[in-house]
Amino acid sequence: MADTMRGVYTNLTAIRRSVFREVSKVIYDNGRNPNWTLADFDKAFEELPYKIIPGDVATYRESVFLERAIVSERIRLAAGLSLQGVDKPAHISDGLADAAGPEHYYEPPLINVIKFACNACKDNVYEVTNMCQGCLAHPCREICPKKAISFKDKKAFIDQSLCIHCGMCARTCPYHAIYHHVRPCADACGMHAIGSDEQGHADIDQDKCVACGQCLINCPFGAIADKSQIVQVAMAILANQEVIAIVAPAFVGQFGGKGNVGKLREAFKLLGFSGVEEVALGADLCSVQEAEDFLEEVPDKLPFMGTSCCPAWSSMAKKEFPKYADCISMALTPMTLTARMVRSQHPNARIVFVGPCPAKKLEAMRRSVRSEVDFVLTFEEMAGMMEARGIDYLSLADDNKSDFEVASEDGRNFAVAGGVATAVVNVIKRDHPDVDVKTAAAGGLEECRKMMKDATKGKYPGYLLEGMACPGGCVAGAGTLVAINKSAAAVHRYAKRSPHKNAVDNEFRGLIHELEYADDGVSVPQVPADPEE
């Protein structure tokens, strides 16, 4: 799976973050003003494309008008609104009044293609480049099973109407003169959910999509984006509601520095949040629950068990291997467990999960398992809110409180590949040192699929399988801000500061069974047409 642009600050990165910043700024600056009307918001949103793309000369596209049209659609998505297109007159803020309501989530789909931003890239096409030497042997022609290759002007030529995309010609050419064109977003999609529409633009099969977000960070034209809940979160804060953030273990180093948690709490306070909690606490509880389930069910009841914390991985496994759906742990995710703990103490609070990927947005919408999470923001969206408020994270004073003290080192390492399996194994080993727990791990949905196929064929008897939709773990999520290796190193450093090594040492361990409720056994994230479904 391609992932060539990670950790590289590009023009797309700048535009994406500018959109999050400016949308946040409009809401923060004016949402509390009683004299502001919907017409004022409409005017402010209409001005944003000109603020983000100033001047009259195109910088990125063939036309500045096209640039602003694309940015306009990104603004709508950032506000949680649906795409509009260019086939009818419309205002950028159409629907904002409803979308800004505290009870409003977003209308599906979550991941969207801005069609007129798509480059209509060639997908799965073999073409001859100018490296072709017109050699005497003609091995490409001889090996082609469909006789699709001929020679014109002493150069190889592929008849696309006959080509079956087997790739034998490319593998045979001694000059590597035949190139395989693959659409970057489709290449990054481990669910094979991206095809082409009638115009050749990317098209997402929403029935297959699990919202891992790898397509949106691998499209070099910025044509794919997910919907945000920045507006809803900011409006809840401005309405003086109790809004509590729960931050995923991958947060360390995302906003700068080396994981100064005091600065992070201060930043969230300045944004208007009432409090901040660490989701690594829920990771500890998840480890305990999965360890208990593993000991009870594997191998007597189940041939193997897969971890549950990555919603994109668990969705893929259950969608594509339904006969083995029970082999994916039914343990509640760290996000859900943490939110339920917070809800038990703050029943009227708005709970906002801040994390690395859009898949958590789908998880929060589950109707079968109540997550207690009201809104989900990615780290990148949260950074936009900080910029809108003029918050310089690194310049903030420490709040002089100790770091989160309840989460273990293992719980904090959930964010890095291998961390989940290690945490579960360590829980088992604490009380059952003689139990031999074998593990296998996969990063990226293609590798996860291979691991599941092998498991269903008996290759992993009695194993604990860790699946992560993003290669490298949650630190590689689509909504992260820093390079994967730097983030992983920061997480490990922060984890070592915990006073506890093992999740069993968590003082809230006894709450695990109290927090398990409203679970009917169906864990595939869904966005039903009927919200009560």
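The figures that follow rest on heavy atoms only: side chains count, while hydrogens, waters and symmetry mates do not. Everything numeric here is computed off the predicted structure, so don't read it as measured data.
Side-chain atoms of Asn502 and Asn426 include no donor-acceptor pair closer than 3.5 Å. Side chains of His500 and Glu409: no donor on one and acceptor on the other come within 3.5 Å. Under 3.5 Å, the side chains of Thr333 and Glu363 contain a donor-acceptor pair of N or O atoms. No side-chain N or O of Thr439 forms a donor-acceptor pair with one of Glu466 less than 3.5 Å apart. Checked by atom type, the side-chain pair Glu380/Thr480 shows no donor-acceptor distance below 3.5 Å.
Taking the charged nitrogens against the carboxylate oxygens, Lys263 and Asp392 have no contact shorter than 4.0 Å, which rules out a salt bridge. Using a 4.0 Å cut-off between a side-chain N of Lys or Arg and a carboxylate O of Asp or Glu, Glu387 and Arg17 do not qualify as a salt bridge. The existence of a salt bridge linking Glu381 and Lys361 is confirmed by a sub-4.0 Å separation between a basic side-chain nitrogen and an acidic carboxylate oxygen. A salt bridge is absent between Asp207 and Lys319; no separation between the charged side-chain nitrogens and carboxylate oxygens falls under 4.0 Å. Salt bridge absent: Glu372 and Arg340 never bring a charged side-chain N and a carboxylate O closer than 4.0 Å. With respect to the salt-bridge test (charged N to carboxylate O, under 4.0 angstrom), the residues Glu447 and Lys450 qualify.
For Ser314 (side chain) and Cys310 (main-chain N/O), a donor-acceptor pair under 3.5 Å exists by modelled atom type. Counting only distance, with no hydrogens or angles, the side chain of Ser498 and the backbone of Ala407 share a donor-acceptor pair below 3.5 Å. Checked by atom type and distance alone, the side chain of Gln229 pairs as donor or acceptor with a backbone atom of Val376 at under 3.5 Å. Remark: the backbone N or O of Gly222 is paired with a side-chain donor or acceptor of Arg74 at under 3.5 angstrom. When atom types are taken as modelled, the side chain of Thr338 and the backbone of Pro334 share a donor-acceptor pair closer than 3.5 angstrom. Although no hydrogens or angles enter the test, the distance criterion places no donor-acceptor pair under 3.5 Å between the side chain of Ser308 and the main chain of Met330. Put simply, the side chain of Tyr324 never gets that close to the backbone of Met452: no donor and acceptor are under 3.5 Å apart. When atom types are taken as modelled, the side chain of Asn218 and the backbone of Cys185 share no donor-acceptor pair closer than 3.5 angstrom. A donor-acceptor contact shorter than 3.5 Å is absent between the side chain of Gln254 and the backbone of Gly355. Checking side-chain atoms of Thr422 against main-chain N and O of Gly419 turns up no donor-acceptor pair under 3.5 Å.
Interatomic distance, CZ of Arg16 versus CG of Leu12, reported as 7.0 Å (0.5 Å rounding). Atom CG in Leu271 sits 6.0 Å away from atom CE in Met382 (nearest 0.5 Å). Rounded to the nearest 0.5 Å, atoms OG (Ser274) and CD (Gln241) are 9.5 Å apart. How far CG of Asp293 is from OG1 of Thr307: 12.5 Å, rounded to the nearest 0.5 Å. Once rounded to the nearest 0.5 Å, the distance linking OG of Ser329 with CD of Glu292 reads 11.0 Å. Atom CD1 of Ile391 and atom CD of Glu266 lie 9.0 Å apart (nearest 0.5 Å).
For Ala349 against Ile244, the heavy-atom pair with the smallest separation is CB-CD1, 3.9 Å. Of all the heavy atoms in Lys208 and Ala193, the pair that sits closest is CB-CB, 3.7 Å. The two atoms that bring Ala423 and Phe414 nearest to each other are CB-CE1, 3.6 Å, heavy atoms only. The heavy-atom pair separating Ala503 from Val288 by the smallest distance is O-CG2, 4.2 Å. Contact detail for Lys360 and Cys309: the closest heavy-atom pair is NZ-O, 3.2 Å. Residues Gly411 and Pro249 share a closest heavy-atom pair of O-CG, 4.1 Å.
Between Glu278 and Arg412 the shortest side-chain heavy-atom distance falls below 4.5 Å. Residues Val113 and Ile204 are in side-chain contact: their nearest non-hydrogen atoms beyond the backbone lie under 4.5 Å apart. Looking only at side-chain heavy atoms (C-beta outward), Glu107 and Leu81 stay at 4.5 Å or farther from each other. Residues Arg449 and Met191 are in side-chain contact: their nearest non-hydrogen atoms beyond the backbone lie under 4.5 Å apart. Using a 4.5 Å cut-off on side-chain heavy atoms (C-beta onward), Ser228 and Leu377 make contact. Side-chain atoms of Met305 and Cys327, non-hydrogen and from C-beta on, never get closer than 4.5 Å to each other. Phe273 is listed as a side-chain neighbour of Val233, based on a closest heavy-atom distance under 4.5 Å. Residues Cys215 and Arg183 form no side-chain contact, since every pair of their non-hydrogen atoms from C-beta on lies 4.5 Å or further apart.
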Practice prompt. Kindly indicate, with the supporting measurements, whether the criterion salt bridge (Lys or Arg N to Asp or Glu O under 4.0 Å) is fulfilled by Arg430 and Asp410.
Written response: CA-CA 13 Å; Arg430 173 65 67 87; Asp410 282 349; over 6 Å; no

Worksheet item: Given Phe375 and Val243, is the side-chain contact (heavy atoms from CB on, under 4.5 Å) satisfied, shown in steps?
Response: CA-CA 10 Å; Phe375 305 116; Val243 183; over 6 Å; no

Worksheet entry | side-chain hydrogen bond (donor to acceptor under 3.5 Å, both in side chains) assessment of Asp284 paired with Ser408 | CA-CA 7 Å; Asp284 282 342; Ser408 73; 2.5 Å; yes

Item to complete: Check the pair Val352, Asp374 against side-chain contact (heavy atoms from CB on, under 4.5 Å), reporting the backbone distance first and the verdict last.
Response: CA-CA 6 Å; Val352 183; Asp374 294 289; 5.9 Å; no

Discussion item. Show, in sequence, the C-alpha distance, side-chain angles and deciding distance for Leu77 and Asp226, and conclude whether the side-chain contact (heavy atoms from CB on, under 4.5 Å) test is met.
Written reply: CA-CA 7 Å; Leu77 294 174; Asp226 62 328; over 6 Å; no

Practice prompt. Starting from the C-alpha separation in whole Å, work towards a yes-or-no answer on side-chain contact (heavy atoms from CB on, under 4.5 Å) for Arg21 and Ile52.
Written response: CA-CA 10 Å; Arg21 180 190 66 240; Ile52 297 170; 5.6 Å; no

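For an aromatic pair to be called close, the ring centres must be under 6.0 Å apart, and Tyr494 with Phe251 satisfies this.
Contacts of Ser82 classified as side-chain hydrogen bond (donor to acceptor under 3.5 Å, both in side chains), with partners at least two apart in sequence or in another chain: Lys227.
The number of heavy-atom neighbours closer than 6.0 Å to NZ of Lys501, taken from other residues, nucleotides and ligands shown, is above 12. No more than 12 heavy atoms of other residues, nucleotides or ligands sit less than 6.0 Å from atom CG of Asp326. Heavy-atom neighbours of Lys429 NZ from other residues, nucleotides or ligands within 6.0 Å: above the threshold of 12.
Between Phe268 and Phe255, the ring planes lie perpendicular to each other; the angle is over 60°, past the 30° to 60° tilted range.
Of the residues listed (Val279, Val354, Val276), the one engaging Ile246 in a side chain to side chain contact (heavy atoms under 4.5 Å, CB included) is Val279, and it is the only one.
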